[in-house]
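Worksheet: the structure to be examined is printed underneath.
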Amino acid sequence: MEETKKERMKKTGILVKKGPWTPEEDQKLISCIQKHGIQNWRAIPNLAGIKRCGKSCRLRWTNYLRPDIRRSRNFSPEEEQTILSLHSMLGNRWSAIASRLPGRTDNEIKNFWYTHLREEAYS
DNA sequence: AATCCAATCAACCGCCTCTCC
DNA sequence: TGGAGAGGCGGTTGATTGGAT
């Protein structure tokens with residue numbers, strides 16, 4: 001039933017702020033995680049004072065704010081080759097590929113794949 | 001200088017799995 | 001043991017940016 005779906009969305013915290021993160025939100029999230037660590041994503045928005053769902057916080061942290069992320073947007077030829085060969089072995093297991101590429105996130109790799117490598121891989 | 005279009009990337013959605021009660 | 005809730009993941013969207021015309 002449609003109503004059930006909506007209720008579930010409410011419970012999972014979708015009725016909160018969406019859209020791009022502001023620098024203040026980023027800052028709050030970073031200091032909250034530094035202070036409390038990551039044990040319970042659902043608690044993070046409350047602890048940090050952010051009107052976001054835990055899911056959104058997790059995504060922001062893992063794809064953007066994590067300290068070990070290399071912020072250089074360009075993938076080196078070596079990384080490109082690694083991605084191509086890992087993808088031929090693992091398929092679209094982006095998180096598995098990301099775990100073998102230090103400093104890169106699954107989202108980054110996925111974006112890079114769809115914009116640069118897909119044609120190359122299937123040509 | 002204005003407009004259009006393609007590329008890029010951050011973020012959301014929905015499904016699946018895992019964990020806990 | 002089964003159900004509910006939370007987290008994780010892959011696919012997709014939409015806003016922005018930069019280059020071409």
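Proteins get letters first, then strands, A, B, ... in listed order; numbering begins at 1 in each.
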**Study point:** Distance, rounded to the nearest Å, where A:Asn63 contributes CG and C:dG8 contributes P
**Key:** 12 Å
Exercise for review: Rounded to the nearest angstrom, tell me the gap between atom OH in A:Tyr114 and atom P in C:dG14.
Suggested key: 17 Å
Check your understanding: Taking the side chain of A:Asn92 as its heavy atoms from C-beta onward, which of B:dC12, B:dC9, C:dG10 lies nearest to it?
Key -> C:dG10
Check your understanding: CG of A:Asn111 versus P of C:dT13: gap in Å, rounded?
Key -> 14 Å
Practice item. Grab the CZ-C1' distance between A:Arg93 and C:dG11 for me, whole Å please. Key: 12 Å
Point to revise | Interatomic distance, A:Ile109 CD1 vs B:dC9 C1' [rounded to whole Å] | key: 14 Å
Check your understanding: Once you round it to whole Å, what is the distance between C1' of B:dA7 and CH2 of A:Trp113?
Key -> 18 Å
Check your understanding: Can you find a heavy atom in the side chain of A:Trp41 that is under 4.5 Å from one in the side chain of A:Trp61?
Key -> yes
Review point. Counting only non-hydrogen atoms, which of residues 24-41 of chain A are less than 4.0 Å from DNA chain C?
Key: A:Asn40, A:Trp41
Exercise for review: Kindly say if A:Thr115 contacts the phosphate of B:dA7, meaning a side-chain N or O under 4.0 Å from OP1 or OP2.
Suggested key: no
Study note, to complete from the structure: Applying the 3.5 Å cut-off to both distances, the Watson-Crick or G-U partner of B:dC9 turns out to be C:dG14
Practice item. Just compare C:dG8, B:dT8, C:dG10 and give me whichever is closest to any side-chain atom of A:Lys55. Key: C:dG8
Study note, to complete from the structure: When rounded to whole Å, the CH2 to C1' distance for the pair A:Trp21 and B:dA10 reads 12 Å
Review point. Is there a donor-acceptor contact under 3.5 Å from the side chain of A:Ser85 to the main chain of A:Thr82?
Key: yes
Review point. Out of C:dG11, C:dG7, C:dT12, which nucleotide sits closest to the side chain of A:Arg58?
Key: C:dG7
Check your understanding: Can you name the side-chain contact (heavy atoms from CB on, under 4.5 Å) partners of A:Thr105, sequence neighbours left out?
Key -> A:Asn63, A:Ile69, A:Asn107, A:Glu108
Point to revise | A:Tyr64 side-chain proximity, nearest of C:dT12, B:dA10, B:dC12 | key: B:dA10
**Study point:** Flag, side chain of A:His87 to backbone of A:Ile83, donor-acceptor distance under 3.5 Å
**Key:** no
Study note, to complete from the structure: Per atom distances to the A:Trp94 side chain, the nearest of C:dG11, B:dC12, B:dA10 is C:dG11
Review point. side-chain hydrogen bond (donor to acceptor under 3.5 Å, both in side chains) with A:Gln39: which residues, sequence neighbours excluded?
Key: none
Point to revise | Mutual orientation of the aromatic rings belonging to A:Trp94 and A:Trp113 [parallel < 30°, tilted 30-60°, perpendicular > 60°] | key: tilted
Study note, to complete from the structure: A:Asp106 atom CG is separated from C:dT12 atom P, nearest whole Å, by 15 Å
**Study point:** Between SG on residue A:Cys57 and CD on residue A:Glu25, distance to nearest 0.5 Å
**Key:** 8.5 Å
Practice item. Classify the nucleic acid contact of A:Thr62 as base, sugar-phosphate or nothing, counting any heavy atom under 4.0 Å across all strands shown. Key: nothing
